[in-house]
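When a ligand or atom number is given, it counts from 1 through the structure's own listing order. All residue numbers in this chain count up from 1 along the given sequence. Values reported hereafter were calculated over all heavy atoms of this structure, with side chains retained and with hydrogens, waters and symmetry mates removed.
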Amino acid sequence: MEHPEFMQIRRAVRRSLATLRATDTGDPLALVGLSGGADSLALAAAVAAEAGKAGVRAGALVVDHGLQTGSDRVAEAAAAQARELGLAPVVVRRVEVASAGGPEAAAREARYAAFSAVATEVGAAAVLTAHTRDDQAEQVLLALARGSGTRSIAGIPGRRPLAAGVELVRPLLGDDPEISRATTEAACAELGLSPWHDPHNRDTSYARVRVRETVLPTLADELGPGAVAGLARSADLAREDADALDDWAGRVVDVLLLPAGADRLSCKLQQTQGTGDDPDGSAAQRWRIDAEGVAVLGGLPAAVRQRAIHRLARERFGVTLTREHTLRIAALVTHWAGQGPVFVPGIRVTRAGGELTFEPQRGSPRGAHSRQAAR
Ligand SMILES: Nc1ncnc2c1ncn2[C@@H]1O[C@H](COP(=O)(O)OP(=O)(O)OP(=O)(O)O)[C@@H](O)[C@H]1O
């Protein structure tokens, strides 16, 4: 019997599995992140069908967020489907979802922490999730509507490191832009699989659901069916740009962080003893960028300068700057005119005599402005 949609998914999975490398202990183990919905169920079936030929061991991981009554039964039913497909090991992990930051973001954070912990425990090389082109388009549209920069418009990456020796891989976001939610639903129907329908996916109090149910269908009606794929392609292009800018900023930071005297440009970020105590109780360490370093930062394109400042704060102080704070520090670099210090949670930045000094703020919370968990 022909299963065109399932075959399309299998092809994408085959390409992804071929990229997993064997480990010291033999064939790599890939865990499918299985919610029981159509996307991840179709992915699980395709992985089960392709793993043997690809020299990959394939298991599944079901996270029970415990947010609704009966969530344990939903998780067990998904696990049973994974076992029926022949996946092993099949792990069900119950997580505690923090109440802060909205249920969606908190559940995501707990889910990715569980992906990372379980993959490490069982020695998996990869966790595979079933994000589709539609998830990508939703993400891009929401980012554009929020006024986000290139990194957010880049949407959901096809792969990224998850934990030491573990990658997060999204086979359905690969080179084939045509794998949509409709493809995974059709594949489940072809195979006679019964996906679980998450009631949250229809709850229109979530902006994401309104984008899915109303905005994207309207866009496709008005601009043609290629509009959704177009959004997903824009994400890929934005990701290339964002990666290039991040790489550039990373090189700048590496130069700034070179020990004094070791760099030809001599734009150094020097570590000096400060006056107060830092929040950990150890002696405070101030970081000083000399005038030449400030000039280098000032001469960069704004997008690279902002990224470099963001990175310095994260690497040196464990503080994730908001955009507003990043821009305030960038303003000190570029059009300083006797402005006072910039206070951001965790750091105080001053400019004097052309030099910038970063100093930890006593007792202030670190990373108070944590970003939402990486996708
Ligand atoms: N409870 C779960 N247990 C295991 N894997 C899951 C679970 N929920 C989601 N996933 C995996 O993550 C993929 C995306 O899920 P979903 O679209 O619900 O998440 P999202 O919040 O939109 O995206 P993200 O996970 O990137 O935040 C699913 O296709 C599945 O592979």
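Y112 carries R160 over the face of its six-membered ring, with the cationic atom under 6.0 Å from the centre and within 45° of the normal.
For the residue pair D39/T132, the side-chain donor-acceptor check at 3.5 Å is not satisfied. For the residue pair T357 / R288, no side-chain donor-acceptor distance below 3.5 Å is found, with atom types taken as modelled.
Every atom of ligand 1 with a heavy atom of L61 under 4.0 Å away is listed here by number and element: 4 (C). Per-residue contacts place S40 under 4.0 angstrom from the following atoms of ligand 1 (heavy atoms of the residue considered): 29 (O), 30 (C), 31 (O). Close contacts between ligand 1 and R108 involve ligand atoms 21 (O), 24 (P), 27 (O) [criterion: under 4.0 Å to a heavy atom].
An N or O contact shorter than 3.5 Å links A130 to ligand 1 by distance. At least one N or O atom of Y112, backbone or side chain, sits closer than 3.5 Å to an N or O atom of ligand 1. Annotation: L128 places no N or O atom under 3.5 Å from an N or O atom of ligand 1; distance criterion only. For E104, no nitrogen or oxygen atom sits less than 3.5 Å from a nitrogen or oxygen atom of ligand 1, counting backbone and side chain alike. No N or O atom of V62 sits closer than 3.5 Å to an N or O atom of ligand 1. Close N/O approach between D64 and ligand 1 is not found [any backbone or side-chain N/O within under 3.5 Å].
For the side-chain hydrogen bond (donor to acceptor under 3.5 Å, both in side chains) test with E138, the passing option among R210, R212, R133, H131 is R212; the others fail.
Ligand 1 lies less than 4.0 angstrom from a heavy atom belonging to H65.
The nearest protein atom to atom 13 (C) of ligand 1, hydrogens excluded, is given as H131 CE1, 3.6 Å; this is a heavy-atom distance. Annotation: atom 3 (N) of ligand 1 to nearest protein heavy atom, V63 N, 2.9 Å. Given atom 31 (O) of ligand 1, the protein heavy atom at minimum distance is G33 O, 2.6 Å. For atom 16 (P) of ligand 1, the nearest non-hydrogen atom of the protein is R111 NH2, 4.6 Å.
Here R151 pairs with D246 in a salt bridge; the nearest charged N to carboxylate O distance falls below 4.0 Å. Between R57 and D27, none of the side-chain N atoms (NZ, or NE/NH1/NH2) sits under 4.0 Å from a carboxylate O, so this pair counts as no salt bridge. Salt bridge E324/R328: present, at least one basic N to carboxylate O contact under 4.0 Å. Here E5 does not pair with R10 in a salt bridge; the nearest charged N to carboxylate O distance is not below 4.0 Å.
Within the 4.0 angstrom cut-off, atom 29 (O) of ligand 1 has one or more protein heavy-atom neighbours. When distances from atom 18 (O) of ligand 1 to the protein are checked, no heavy atom turns up under 4.0 Å.
Nearest heavy-atom pair, A42 versus F6, reported as atom, atom and distance to 0.1 Å: O-CE1, 4.1 Å.
Taken to the nearest 0.5 Å, the CD atom of Q306 stands 11.0 Å off from the CD1 atom of I329.
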